[in-house]
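These notes are about the structure you will find just below.
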Amino acid sequence: MSYGLGAYKKTSIHTASKEQILLMLYQAAIKSCKKAIEAIGEKNIPAKGEHIGKLQDIVIELNNSLDFEVGGDIAKELSSLYDFILFSSTQANIKIDAEPLEGCLNVLTTLYEGWGEAIKTLRKENAQKEQQGA
């Protein structure tokens, strides 16, 4: 059963657009952040470390994918937000404190929603251009 799920996930990643992959990364980061908060609440230190590690891996990947030549100031702002998340999640990990993770969760959720709206708008605009060109 888990093989089928794994194959499905692998296929969905390989067939996803760049925009879908971006949203999937944010979803995974949000999920890891929530699980880390939950683990701290349960005093489950190994799980806390595991979930914060996953969160940080995703954020590092997001940061590494920024194109500062194309993105300009927006890429710089995103990089600053990613640095904030990395710093805050490290503090949460060291101090075994969920509060810094709440801040991370707020930033991630805001970015996820913002990207989701931007992608919807872009798709609408592209669809309208295609209809006008047809």
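Reckoned from all heavy atoms, side chains included, excluding hydrogens, waters and symmetry mates.
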Margin query: Taking the basic N atoms (NZ, or NE/NH1/NH2) and the acidic carboxylate oxygens, is any pair closer than 4.0 Å for Lys54 and Glu50?
Written below: yes
Straight-line distance of [X] [atom1] to [Y] [atom2], nearest 0.5 Å:
{"X": "Met24", "Y": "Leu22", "atom1": "CE", "atom2": "CG", "result": "11.0 Å"}
{"X": "Cys33", "Y": "Tyr26", "atom1": "SG", "atom2": "OH", "result": "13.5 Å"}
{"X": "Asn126", "Y": "Lys124", "atom1": "CG", "atom2": "NZ", "result": "13.0 Å"}
{"X": "Glu130", "Y": "Gln128", "atom1": "CD", "atom2": "CD", "result": "11.0 Å"}
{"X": "Ile37", "Y": "Glu42", "atom1": "CD1", "atom2": "CD", "result": "12.0 Å"}

Margin query: Tell me whether Ile45 shares a hydrophobic cluster with Ile52, the cluster being built from Ile, Leu, Val, Met, Phe, Trp, Tyr side chains joined at under 4.5 Å.
Written below: yes
Checklist line | Connected via hydrophobic side-chain network under 4.5 Å: Ile21 and Ile119 | finding: yes
Notebook entry, point to check: Do Leu108 and Leu55 come close enough that some side-chain heavy atom pair is under 4.5 Å?
Noted result: yes
Next item on the list: Taking the side chain as every heavy atom from C-beta outward, state whether Tyr82 and Leu111 have any atom pair closer than 4.5 Å.
Entry: yes
Notebook entry, point to check: So which heavy atom on Ile58 is nearest to which on Ala29, and how close?
Noted result: CD1-N, 3.6 Å
Checklist line | Shortest non-hydrogen contact between Leu23 and Tyr112, atoms and distance | finding: O-CE1, 3.6 Å
Item checked: Glu117 and Lys120: CA distance, side-chain angles, deciding distance, salt bridge (charged side-chain N to carboxylate O under 4.0 Å, His left out) verdict -> CA-CA 5 Å; Glu117 286 303 312; Lys120 281 182 196 174; 3.7 Å; yes
Check: Are there more than 12 heavy atoms of other residues, nucleotides or ligands under 6.0 Å from atom CD1 of Ile74?
Finding: no
N/O donor to acceptor pairs below 3.5 angstrom from side-chain atoms of residues 92-106, sequence neighbours left out:
unit_1, atom_1, unit_2, atom_2, d
Asn93, OD1, Lys48, NZ, 2.4
Lys95, NZ, Gln91, OE1, 3.4
Asp97, OD1, Glu99, N, 3.1
Asn106, ND2, Glu102, O, 3.4

Margin query: Please tell me whether Ser32 and Gln56 have a donor and an acceptor in their side chains that are separated by less than 3.5 angstrom.
Written below: no
Can you list, pair by pair, the side-chain donor-acceptor contacts under 3.5 Å of residues 64-71, counting residues two or more places apart and other chains?
unit_1, atom_1, unit_2, atom_2, d
Asn64, ND2, Ile60, O, 3.4
Ser65, OG, Leu62, O, 2.8
Asp67, OD1, Glu69, N, 3.1
Asp67, OD1, Val70, N, 3.2

Next item on the list: Decide yes or no on side-chain contact (heavy atoms from CB on, under 4.5 Å) for Ser79 and Lys76, but give the supporting numbers first.
Entry: CA-CA 5 Å; Ser79 184; Lys76 288 177 189 169; 5.6 Å; no
